[in-house]
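Everything quoted here is computed from the prediction, not taken from an experiment. Values below: all heavy atoms of this structure, side chains included; hydrogens, waters and symmetry mates excluded.
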Protein chains: 2
Amino acid sequence: MARHSRVRLADVAQLVGVSTTTASRALNGRGEISDATRAAVLEAADRLGFRPSPFAQSLQSRRSNTVGLIVPNVAHHFYATIVQGAQSYLKEAGYQLVLIDSGEDAEGVADAIDTLIGHWVDGIMITTTPFTAVGFSDLLNGTPCVFIDETVEGVGAGSITLENSEGVALLVDHLAETHGHKRIAFLGGRPDRTDGRERREGFLNAMARRGLLVAPEHVSEGEWSVRSGVEQTLHQIDLATPPTALIAASAELALGALAAARSRGLRLPDDMAIVSFDDPEVGALLEPALTAITYDTLAMGERSARLLVAAFDNESAPFNDVRLPVSLVTRRSCGCEFDTLQALKHAGFDDPRGRVTSPSPS
Amino acid sequence: MARHSRVRLADVAQLVGVSTTTASRALNGRGEISDATRAAVLEAADRLGFRPSPFAQSLQSRRSNTVGLIVPNVAHHFYATIVQGAQSYLKEAGYQLVLIDSGEDAEGVADAIDTLIGHWVDGIMITTTPFTAVGFSDLLNGTPCVFIDETVEGVGAGSITLENSEGVALLVDHLAETHGHKRIAFLGGRPDRTDGRERREGFLNAMARRGLLVAPEHVSEGEWSVRSGVEQTLHQIDLATPPTALIAASAELALGALAAARSRGLRLPDDMAIVSFDDPEVGALLEPALTAITYDTLAMGERSARLLVAAFDNESAPFNDVRLPVSLVTRRSCGCEFDTLQALKHAGFDDPRGRVTSPSPS
DNA sequence: CTGTTAGCGCGTTCAA
DNA sequence: TTGAACGCGCTAACAG
């Protein structure tokens, strides 16, 4: 295998005719040094293509300039975008991202944390929380950490989450005020996740605030998946008193809901309105185009990385609980007017790399 | 910032009462050593929670046990899945993945390669090729490398690509044989990419093989994006002799095509059939459900990683050009029968992590 | 079978 | 302003 053999600091120093100490000082700008030698060293380093060995540096400094990110599934757009956001900030800040796709189960996450600590990452960002506070504390063993989209009480430097209940309230308000819906059902995800729980509670609160009754059978629960969306929706449609509008707690649930309703021959949005927390990548391209809550996932990643890096310099800072705003994009599935082609022209969808971006709400 | 201070080999050795050399031998299984001391060292290491410093090891061995992966856009499902596949193999093989989202432009990729080499990765996987062979050779400077979805002649240990022309041929054959289409148009992506070029040529060849005429205006070109799909499709529809079927060279183009055709009031698939190379995540949930070429993206990532790691042990092996098979999934957009709900029940879409997997063809 | 020595490449003393 | 010496933690080479 290719053993790396490159120019060392010593080579640079030798070329210039100074000690490695001097060369080091010139390159790092520490200590006093004459302008002449500094210039000479810099030029020599440049000419030789000198790159300091990160291992030697880390061995000496006891820090790796590396940050770990644990996601349950990189292939999911939400997590992939967080990776992207995090990396863009970390690069700027001089850190390298180490990504681990852990799966969602506890064992995988424990493994991932262990691996990252074994690699001496300076900090860890975690997007899935199958442990309690003590569990995490044990695993982390003092390594700085930030939670994304989830919160674990009293562990880590902070968390970045969405305004989940506010978002659901936007959906409820829009359905009720603009379109006059009263019998609104909620398709939920897993209640053991922070986001799932908050969205569910947000729904109940928003309905209560408007004095709208929620029949128990109009609040269902399931997995965070398309299949579950189908099942929950069929169940709702078959009810003696089916709802006139559906709020899906996630993009996958909404996709399932759309498919299920269509296959039952319902005309959307006339027979039933369907809206969603989470705007799927293809939200504007669905039939009907999906009214949804959007948010800046890229910013979630960036903010998280920023929060973590900030924590490096200030370990004793209090837990930082950041909430990111969300907003409503009205399209056709709620009953509003929406011209897909027009929307495409004005907002996004032109990423040359092929990304299907949703029009960002202003 | 949290300086790592942990148990060193020396601590273990001291506890047992042997030299670090002996301890090292016991832990690494090198050299002769008595069973008794080996056991003692292992136990002590375990009890102390000893983890060898990767920096010290790398400094000494001159290898990092780390592999770099460069993608133009992690947020894109295709690349995200490659990341996932690559990581799953690398983990098994004892390597850590270092991911860089470089963007698609040459500068970003050059930067990424540079960064990775600066981190002494043992090898690099590249998914976008904005350079010629000499360009890459210069940048890589001997670092083992594998290309994914693209090929650069004569550089690296090998490449993993799809059976692009075979895939397009499957689409052409299906449209012609099963549905009797003769005027088939092709919506192309960027011809400067290996995949784009091969799909375009595959189309022309497949049509020629069947003796079908292709009017020049029925082969268009553009970006790899939804917007471009919309534009190209509108252009085709407005032609004096519009095609009766459309083959989109990528998922994004297909999504754009669907939206454009629908917005013009065309009934799909009766007025126009639309099929696609690339099965979008939501292929089965579109209206109409999209007939498409699918392939195992996860396997692309795995195979690539496998190929790279194999190259570590055998640097002089010849260039390994791996082609991954693709297959046709017929749904409704070509004119076939397709029951979305039924498909959901039988194939995929039940990933608890929320992944929207396409039914895999058997 | 085991220990001593030395060096991977860098930064940081301390002394000149 | 510069340099010599040392140590970060580990393993390979060379004794014993």
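- Rounding to the nearest 0.5 angstrom, the gap separating the CG atom in Asn320(B) from the CG atom in Leu308(B) is 11.5 Å.
- The shortest distance between the side-chain N/O atoms of Arg62(B) and the OP1/OP2 oxygens of dG9(C) is below 4.0 Å.
- With distances taken from any side-chain atom of Val18(B) to the nucleotides dG3(C), dC1(C), dC10(D), the minimum falls on dG3(C).
- On a pure distance criterion of 3.5 Å, no polar donor-acceptor pair joins the side chain of Thr22(A) and the base of dT1(D).
- The phosphate of dG11(C) has OP1 or OP2 within less than 4.0 Å of a side-chain N or O from Ser24(A).
- Distances shorter than 4.0 Å separate none of the side-chain N or O atoms of Ser61(B) from OP1 or OP2 on dC10(D).
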**OP:** Apply side-chain hydrogen bond (donor to acceptor under 3.5 Å, both in side chains) to Thr21(A) and Ser24(A), showing your working.
**Re:** CA-CA 5 Å; Thr21(A) 316; Ser24(A) 169; over 6 Å; no
Original post:
Could you go step by step and tell me if Arg306(A) and Glu92(A) meet the salt bridge (Lys or Arg N to Asp or Glu O under 4.0 Å) rule?
Top reply: CA-CA 10 Å; Arg306(A) 188 186 304 275; Glu92(A) 229 177 78; 5.5 Å; no
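- Neither OP1 nor OP2 of dA4(D) sits under 4.0 Å from any side-chain N or O of Ser19(A).
- Rounded to a whole Å, the NE2 atom of His119(B) is 16 Å from the C1' atom of dG9(C).
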Original post:
For Phe131(B) and Phe136(B), what are the C-alpha separation, side-chain angles and deciding distance, and is it a ring-ring contact (aromatic ring centres under 6.0 Å, His included)?
Top reply: CA-CA 6 Å; Phe131(B) 297 105; Phe136(B) 269 116; 5.3 Å; yes
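- Look at Ser53(A) and you won't find any side-chain N or O under 4.0 angstrom from OP1 or OP2 of dC8(C).
- Counting only N and O atoms by type, the side chains of Thr66(B) and Gln96(B) include no donor and acceptor under 3.5 Å apart.
- Remark: Arg38(A) is not in phosphate contact with dT1(D), judged by side-chain N or O atoms under 4.0 Å from OP1 or OP2.
- Using a distance-only test at 3.5 Å, with no hydrogens or angles considered, a donor-acceptor pair links the side chain of Arg323(A) to the main chain of Leu162(A).
- Judged purely by distance below 3.5 Å, without hydrogens or angles, the side chains of Asn73(A) and Gln84(B) pair a donor atom with an acceptor atom.
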Atom pairs under 3.5 Å, N or O on each side, protein against nucleotides 14-16 of chain C: can you list them with distances?
none

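- Residue Thr21(A) places a side-chain atom within donor-acceptor reach of the base of dA4(D), judged by atom type and a 3.5 Å distance cut-off alone.
- Put simply, CZ on Arg63(A) is 13 Å from P on dG11(C), counting in whole angstrom units.
- When each of Leu59(B) and Asp35(B) is assigned the nucleotide of DNA chain C bearing its nearest heavy atom, the one mapping closer to the 5' terminus is Asp35(B).
- When the P atom of dG11(C) is taken as reference, atom CG of Asn65(A) falls 12 Å away, rounded to whole Å.
- Contact annotation: Thr37(B) side-chain N/O to dT2(C) OP1/OP2 distance is under 4.0 Å.
- A straight line from CD of Glu32(B) to P of dT11(D) spans 18 Å, rounded to a whole angstrom.
- One interatomic measurement links the two molecules: CG of Leu27(B) to C1' of dG9(D), which rounds to 13 Å at whole-angstrom precision.
- In this structure, Gln60(A) atom CD and dC8(D) atom C1' are separated by 6 Å, rounded to whole Å.
- Within the nucleic acid shown, Gln57(B) comes within 4.0 Å of sugar-phosphate atoms alone, with no base atom in reach, counting heavy atoms only.
- dG7(D) atom P lies 17 Å from atom CG of Leu9(B), rounded to whole Å.
- Distance, Arg8(A) CZ to dG11(C) C1': 16 Å, rounded to whole Å.
- Relative ring orientation between Tyr95(B) and Phe312(B) is described as tilted, the plane-to-plane angle lying within the 30° to 60° band.
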